[in-house]
**Q** 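Quick one: the structure is below, and I'll ask about it shortly.
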Amino acid sequence: MPCGFRLRIRRTRARVGPEDPEGVRVVAKITLTDGRSVDASSPEGRHVLRHSTSHVMAQAVSSLFPGAKYAIGPAIEDGFYYDFDIGRPFTPEDLDAIDAKMREIIAEQQKFEHEALTRDEGLKRFADQPFKVEIIKGVEESEGGGESVSVFRNDGWEDLCLGPHLEHTGLIPAFKLMRVAGAYWRGDEHNPMLQRIYGTAWESQEALEQHLQMLEEAERRDHRKLGRELDLYSWADEVGPGLALWHPKGALVRKTLEDLSREMHLQFGYQPVFSPHLGRSTLWEVSGHLGYYRENMFPAMEADDGGEYIAKPMNCPFHILIYRSRTRSYRDLPIRLSELGTVYRYERSGTLHGLLRARGLTQDDSHIFCRPDQVVDELLGVIEFFRALYATVGMGPDRVRFSTRPDKSVGSDELWDLAQEAIPEALRRAGIDFTVDEGDGTFYGPKIDIDVRDAIGRYWQVATIQVDFNLPERFGLEYTDEDNVHKRPVMIHRALYGSMERFVGVLVEHYAGAFPTWLAPVQTVIVPIADRHAEHAAGLAEQLRAHGVRVDIDDSRETMQLKVRNAELQKAPYILVVGDKEIENATVAVRARGMGKARFGVPFDEFAGVHQGGPPREGLLPV
RNA sequence: GCCGGAGUAGCUCAGUGGCAGAGCUUUCGAUUCGUAAUCGAAGGGUCGGGGGUUCGAAUCCCCCCUCCGGCUCCA
């Protein structure tokens, strides 16, 4: 899509567990079918283990469901899956039976044996397995006619497979079947849907349990659950799916991030603009969205003036029209227009996921219009900006991907070459390691995607920087160069947070709801012990507010213990308890989050002093 | 959009054909408390929505909506 960056959700599971070489544990060696011996907990060891476990699962399914068709069953991060067609979905009882059968197969220590067949033998051998037949035929075609197909067999059950495998099934120490899900054959939604069983397998029971604990931890951090518990945001049927309501506390977190973003955009030479939420359908025809992006747009609304208006799925056309509102000189460039622009995208219903995939979202969206010779510097500037912003927020970049020209693309070779040289050069000059995804760029230009890693090791894509040759063309953008010739500017789209929704969602999961003080919606809760202390507490609150601290007083007629508990559950960074002693000595009893106990007799001025000029961005008052 | 699961009070959940429940939250009353839950009472429900079966439906059937886990998509 022209100018369309869609922020991709990557909820890659964390790599936790004893894979870390720091663990220095003695790891069991496992022997593979190719005779080699590898550490069970090494990436390769785990990969083979999981792959073999998927075979055992398919073997169990075949034995329990005669006639089952099996498709593919690879190892994946943290586990494995296998796709089947048994003519109906699997039930939880089926899973129990499969699990039990697998344990039998493992107990029997069946040897995995390799065999090479000719294609014709393979086709004969798997004649009743249509998916395997298709794979064999595919191998034939793509390999220019592979001479043989590889098969692995244990105890009479065999599967098309390159291997290697464990020496025998008894080398599977710990596994668990996780869930069943539908999955299209070959990932194509036009193909029939198969039943996929996901499982996880580890080199030890301990490692398996550690993994399961990690999953529980992820569940505990789920931003949808924490959003409700901390009263940050919600959704309502009456509003519609994917359209969040920001409650005061969630809005405060978001506003704090937005304020930072606006401030830094000014520092980095961007000019704020505003654009409407709607535009006539003709605008979206010119931009190409109606041609390429229609299915992601809310339907048009018809107005009495005969025009059709459409809610914007992207901000770029508006910024482009601001650029085009007058003639531009080469001296004017680069022009950097920025907006926290709220867009609406009709995402398919099954793809919505809390704040992380929404239908209404606000991008920290900017468009840079520059001369071709300015592209490297502009990219560098964006990267610097990213670093400064994320240093403040306290995250990444932890993974950077450069995606190059896909097969189908617009724009001249000259421009592509320019951009594809500019991106790696800018990344190198910035000292950033990156991987290259060949052909994964957008059709209108190459891009950089940046992921950050959260507190439990998951990667999230946040920022994206995309060079665009298409929209300047479509809208006929020009500038007058020093030789008085009209030339076409290059456009760079970029979002650093990505979207406010997504970024807040990521931060909630990253911090498990315990925001650092500068982001915490309520930074300090004051708890007067008895009614007679309420007035004093109000005075303290007043002083702290004067320091810019967000303070709440809990003057409910509850016990101090309950009020402390509630403030803890709300994950307030500081709880100040005040009673007779504190009033007498002008002190407070400070309970800093996570410390588990209070520090008594802290002079109030000392506490307030820490917050001079606003609360600290990181860290808590030492206790 | 597709496959599977789920939807009962604000929240977490019990209730499988016969009077709709519990804990927390909320409100009221008492308690004025020293660091993660004081005591008591009350309120609160078209059992996601609509249709059907039945003497009788939260419970069985059909359609729809929403959420959850995947797939697909994320120009």
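Predicted, not measured: the structure shown is a model, and the values here were computed from it. Letters go in sequence order (proteins before strands), and every chain restarts at 1.
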**Q** So which nucleotide from U35(B), U72(B), G69(B) ends up closest to the side chain of V577(A)?
**A** U35(B)
**Q** Can you figure out which of U32(B), C33(B), U72(B) approaches the side chain of M560(A) most closely?
**A** C33(B)
**Q** When you measure only distances, ignoring hydrogens and angles, does the side chain of Y81(A) come within 3.5 Å of the base of G70(B) through a donor and an acceptor?
**A** no
**Q** Paired with C33(B): which nucleotide, if any, by Watson-Crick or G-U wobble criteria at under 3.5 Å for both distances?
**A** none
**Q** Could you list the residues that satisfy ring pair (Phe, Tyr, Trp, His ring centres under 6.0 Å) with F84(A), not counting sequence neighbours?
**A** Y82(A), F90(A)
**Q** Which one, C71(B), U35(B), C3(B), comes nearest to the side chain of M193(A)?
**A** C3(B)
**Q** Mind checking who G7(B) pairs with, Watson-Crick or G-U wobble, both distances under 3.5 Å?
**A** C65(B)
**Q** For the pair E217(A) and R220(A), find out whether any cationic side-chain nitrogen is under 4.0 Å from an anionic carboxylate oxygen.
**A** yes
**Q** Is the distance from OP1 or OP2 of U12(B) to the nearest side-chain N or O of R228(A) less than 4.0 Å?
**A** yes
**Q** Between U35(B), U32(B), C71(B), which one does the side chain of T351(A) approach most closely?
**A** C71(B)
**Q** What integer number of Å spans the C1' atoms of U31(B) and C47(B)?
**A** 38 Å
**Q** Name the orientation class of the two ring planes belonging to H211(A) and W202(A) (parallel below 30°, tilted from 30 to 60°, perpendicular beyond 60°).
**A** tilted
**Q** Can you see whether W235(A) has R224(A) sitting over its ring - NZ or CZ less than 6.0 Å from the centre and within 45° of the normal?
**A** no
**Q** Can you measure E295(A) atom CD to U72(B) atom C1' for me and round it to whole angstrom units?
**A** 11 Å
**Q** Identify the nucleotide, in any strand shown, that forms a Watson-Crick or G-U wobble pair with G40(B), with both distances under 3.5 Å; if there is none, say none.
**A** C28(B)
**Q** Is it possible for you to check whether R401(A) lies under 6.0 Å from the centre of the six-membered ring of F434(A), through NZ or CZ, and within 45° of that ring's axis?
**A** no
**Q** Mind telling me whether H277(A) and Y344(A) have parallel, tilted or perpendicular rings, with 30° and 60° as the class edges?
**A** tilted
**Q** Taking atom C1' in both G70(B) and C64(B), what distance in whole Å separates the two?
**A** 23 Å
**Q** Mind checking the C1' distance from U66(B) to G49(B)? Whole angstroms is fine.
**A** 10 Å
**Q** Closest approach to the side chain of Y198(A), judged atom by atom: which nucleotide of G34(B), U66(B), G70(B) is it?
**A** G70(B)
**Q** Rounded to whole angstrom, note down the C1' distance from A36(B) over to A41(B).
**A** 26 Å
**Q** Of the listed nucleotides (C33(B), C73(B), G34(B)), which one gets closest to any side-chain atom of F600(A)?
**A** G34(B)
**Q** Which value, in whole Å, describes the distance between the P atoms of nucleotides C19(B) and C33(B)?
**A** 49 Å
**Q** Select base, sugar-phosphate, or nothing to describe what Q561(A) touches, counting heavy atoms under 4.0 Å on all strands.
**A** sugar-phosphate
**Q** Expressed in whole Å, how much space separates the C1' atoms belonging to U12(B) and C39(B)?
**A** 24 Å
**Q** Is A567(A) touching bases, backbone alone, or none of the nucleic acid, heavy atoms closer than 4.0 Å?
**A** nothing
**Q** Choose from C71(B), G34(B), U32(B) the nucleotide whose nearest atom is closest to any side-chain atom of Y184(A).
**A** C71(B)
**Q** Mind checking D531(A) for me? I need base, sugar-phosphate or nothing, with any heavy atom below 4.0 Å counting as a touch.
**A** base
**Q** Report the nucleotide, chosen from G1(B), G69(B), U38(B), that has the shortest atom-to-atom distance to any side-chain atom of R224(A).
**A** G69(B)
**Q** Quick check: any donor-acceptor pair below 3.5 Å linking the side-chain of R357(A) to the base of C73(B)?
**A** yes
**Q** Which nucleotide wins on minimum distance to the side chain of A530(A), given the candidates U38(B), C2(B), U32(B)?
**A** U32(B)
**Q** What is the pairing partner of U46(B), taking Watson-Crick or G-U wobble pairs with both distances under 3.5 Å in any strand?
**A** none
**Q** Out of U35(B), G69(B), A37(B), which nucleotide sits closest to the side chain of R565(A)?
**A** A37(B)
**Q** Which of these, D398(A), L507(A), D454(A), I450(A), sits in a side chain to side chain contact (heavy atoms under 4.5 Å, CB included) with W460(A)?
**A** D454(A)
**Q** Is R557(A) near enough to C28(B) that one of its side-chain N or O atoms lies under 4.0 angstrom from OP1 or OP2?
**A** no
